[in-house]
Amino acid sequence: MYTLSPGQNLTTVDAGLVPITVLPASLGDYVWLDNNGNGVQDSGEPGVPNVTVTLYSNGSAVATTSTSTSVLYSFTGLTPGSYQVVFTAPVGTTFTTPLAGSSTATDSNVNSTTGQLGGTAIVSLTAGENNPTIDAGLIPLKASLGDYVWFDNNGDGQQGPMGMEPPVPGVLAQLYIVGNATPIGSATTNTSGFYSFTGLQPGQYYVVFTAPAGTTFTTGLQGNPATDSNVSSVTGQAGATGIVSLSAGENNPTIDAGLIPLKASLGNYVWLDSNSNGQQDATETGVANVTVTLFSNGSAIASQTTSGSGTYLFTNLDPGQYSVVFTAPGGFTFTTANLGNDATDSDAG
């Protein structure tokens with residue numbers, strides 16, 4: 001505002017011009033955590049401070065800054081031209097889907113087609129232009145787990161040489177999130193005994209294996225964690241491992257299961273065959289303290305005596321071939337063998 005008095009001549013009101021082509025340009029915007037992974041800045045998704053942002057021109061870095069506590073960044077005073085912005089993802093994160101949604105103001109501009117990790121497409125700025133839409137959305141790196149199922153032939157809980165302790169294909173493995181009773185995924189071991197679960201969010205998981213018919217699980221958590229069996233009773237679920245905590249980007253390739261054959265048992269009864277018909281009749285009683293010896297491959301491997309009611313039982317036996325030898329008490333011999341019903345006959349020949 002100028003005030004002129006009568007007859008005054010003011011000749012100092014000037015205006016300086018510059019060519020429009022030299023007006024400086026600028027760009028910038030926002031880095032946020034894309035919690036739902038849709039590539040769009042949604043309400044409630046927080047910004048990420050202290051993210052390093054580098055500005056490139058003609059392939060060379062020309063400036064570096066970082067997102068502020070208000071999660072914004074900007075490059076100002078730029079000569080009109082072509083630029084690229086490169087964001088450095090914080091540890092445990094990567095970039096969300098680029099150019100999603102209908103608005104360039106709320107999408108993520110980091111695009112892998114640029115050939116530079118964390119880089120945007122080329123941004124062309126004219127004189128005086130400000131582009132406040134160059135954003136980056138971050139998501140946690142995915143995690144994974146898995147490994148191997150094998151036959152633990154020596155029962156030591158450790159993976160032996162493959163030629164001696166082979167892999168087991170076709171074993172079902174189901175993945176659970178801690179606190180959720182429903183599995184979130186399933187896999188079966190391949191011909192080499194391997195399985196895996198990938199693309200997992202950071203969190204706590206456990207795996208439940210289904211033992212094939214005729215097998216059960218070896219002793220868990222023995223020796224080297226990379227080659228032991230992880231099936232244990234920690235979670236209280238048959239075939240379940242302990243809890244596996246996965247951080248962003250972590251791969252745990254040590255969640256194994258060793259299988260062994262189910263143990264077998266045999267036994268039954270010694271009785272006084274009063275009518276000598278070779279069958280256990282309702283009125284005939286058991287005979288206590290009869291010595292019973294178990295043989296395998298011609299050698300005695302266990303011995304016991306019948307109980308007060310005449311019963312005996314050998315348990316925890318490896319699958320195989322066995323024979324039983326009864327020692328008749330003094331004054332007795334054995335009744336005729338293999339007469340009638342096999343469940344109630346005499347097997348001692």
Side-chain angles (χ1 to χ4, degrees), residues 149-158 160 164-166 168 170-172 208-222 228-241 257-349:
V149 178
W150 86 100
F151 237 120
D152 187 24
N153 285 329
N154 65 2
D156 67 350
Q158 282 283 313
M164 298 176 62
E165 296 192 336
V168 185
V171 175
L172 175 66
V208 176
F209 298 93
T210 300
T215 68
T216 188
F217 298 99
T218 191
T219 305
L221 310 179
Q222 301 295 301
D228 68 351
S229 178
N230 292 88
V231 175
S232 66
S233 59
V234 174
T235 60
Q237 187 170 356
T241 69
L259 296 170
I260 56 176
L262 281 168
K263 297 295 185 179
S265 61
L266 64 81
N268 200 7
Y269 186 58
V270 177
W271 87 99
L272 187 61
D273 188 19
S274 301
N275 61 7
S276 300
N277 68 349
Q279 281 286 310
Q280 302 166 30
D281 297 313
T283 58
E284 294 174 338
T285 59
V287 182
N289 300 316
V290 174
T291 299
V292 187
T293 305
L294 183 68
F295 284 76
S296 177
N297 296 319
S299 298
I301 61 171
S303 181
Q304 59 182 262
T305 57
T306 56
S307 69
S309 58
T311 61
Y312 76 96
L313 181 66
F314 293 104
T315 61
N316 201 37
L317 304 177
D318 291 325
Q321 292 185 322
Y322 296 88
S323 61
V324 178
V325 174
F326 300 88
T327 301
F332 291 88
T333 189
F334 298 102
T335 190
T336 305
N338 303 316
L339 293 176
N341 185 344
D342 187 54
T344 53
D345 69 350
S346 178
D347 294 284

Asks: Which atoms form the tightest heavy-atom contact between D152 and Q158, and what is the distance?
Replies: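 So the minimum-distance heavy-atom pair works out to OD1-O, 3.4 Å.
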Asks: For the CZ atom of F217 and the CG atom of L262, what is their distance to the nearest 0.5 Å?
Replies: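 Reported value, rounded in 0.5 Å steps: 10.0 Å.
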Asks: Could you state the interatomic distance from OG1 (T215) to CZ (F209), rounded to the nearest 0.5 Å?
Replies: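 Spacing of OG1 (T215) from CZ (F209) equals 12.5 Å.
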Asks: So do N153 and P166 actually touch side chain to side chain, heavy atoms under 4.5 Å?
Replies: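 P166 reaches N153 side chain to side chain.
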Asks: Please check if atom CG in N297 has more than 12 non-hydrogen atoms from other residues, nucleotides or ligands closer than 6.0 Å.
Replies: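 Counting neighbours around CG of N297, 12 or fewer heavy atoms of other residues, nucleotides or ligands fall under 6.0 Å, so no.
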Asks: Nearest 0.5 Å, please: how far is CG in D228 from OG1 in T219?
Replies: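 With rounding to 0.5 Å, OG1 (T219) is 11.0 Å from CG (D228).
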Asks: Just verifying a value: how many Å separate N289 CG and T327 OG1, rounded to the nearest 0.5 Å?
Replies: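 Output value for this atom pair is 12.5 Å.
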Asks: Between Y322 and I301, is there a side-chain heavy-atom distance shorter than 4.5 Å?
Replies: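 Of all side-chain heavy-atom pairs linking Y322 with I301, at least one is under 4.5 Å.
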Asks: Which pair of non-hydrogen atoms, one from T210 and one from V171, has the smallest distance, and what is that distance?
Replies: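 In this case the closest contact between T210 and V171 is O-CG1, 3.5 Å.
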Asks: What's the shortest heavy-atom distance between V292 and F314, and which atoms?
Replies: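 For V292 versus F314, the nearest heavy atoms are O-CZ, 3.6 Å.
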Asks: What are the two closest heavy atoms between E284 and Y269, and how far apart are they?
Replies: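 Answer, listing the atom of E284 first, then Y269: O-OH, 3.7 Å.
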Asks: Do the non-hydrogen side-chain atoms of N230 and L221 ever get within less than 4.5 Å of each other?
Replies: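 Touching, per the 4.5 Å side-chain cut-off.
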Asks: Only one of L294, V325, T293 clears side-chain contact (heavy atoms from CB on, under 4.5 Å) with S303; which?
Replies: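 With S303 as partner, side-chain contact (heavy atoms from CB on, under 4.5 Å) holds for just one option, T293.
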Asks: Using residues 329-346 as the side-chain source, report each donor-acceptor pair under 3.5 Å to any protein atom, sequence neighbours left out, with the distance given to one decimal.
Replies:
| unit_1 | atom_1 | unit_2 | atom_2 | d |
| --- | --- | --- | --- | --- |
| T335 | OG1 | D273 | OD2 | 2.7 |
| N341 | OD1 | A343 | N | 2.9 |
| T344 | OG1 | Q279 | OE1 | 2.3 |

Asks: First locate atom CG of N154, then atom CD of E165, and finally report the distance between them rounded to the nearest 0.5 Å.
Replies: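 Answer rounded to 0.5 Å: 4.5 Å.
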Asks: Which atom pair, heavy atoms only, marks the closest approach of L259 to A211?
Replies: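 Scanning both residues, the minimum pair turns out to be CD2-CB, 4.1 Å.
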Asks: Looking at every non-hydrogen atom in both residues, tell me the closest pair between A288 and G308 and how far apart they are.
Replies: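 Minimum heavy-atom separation between A288 and G308: CB-CA, 3.7 Å.
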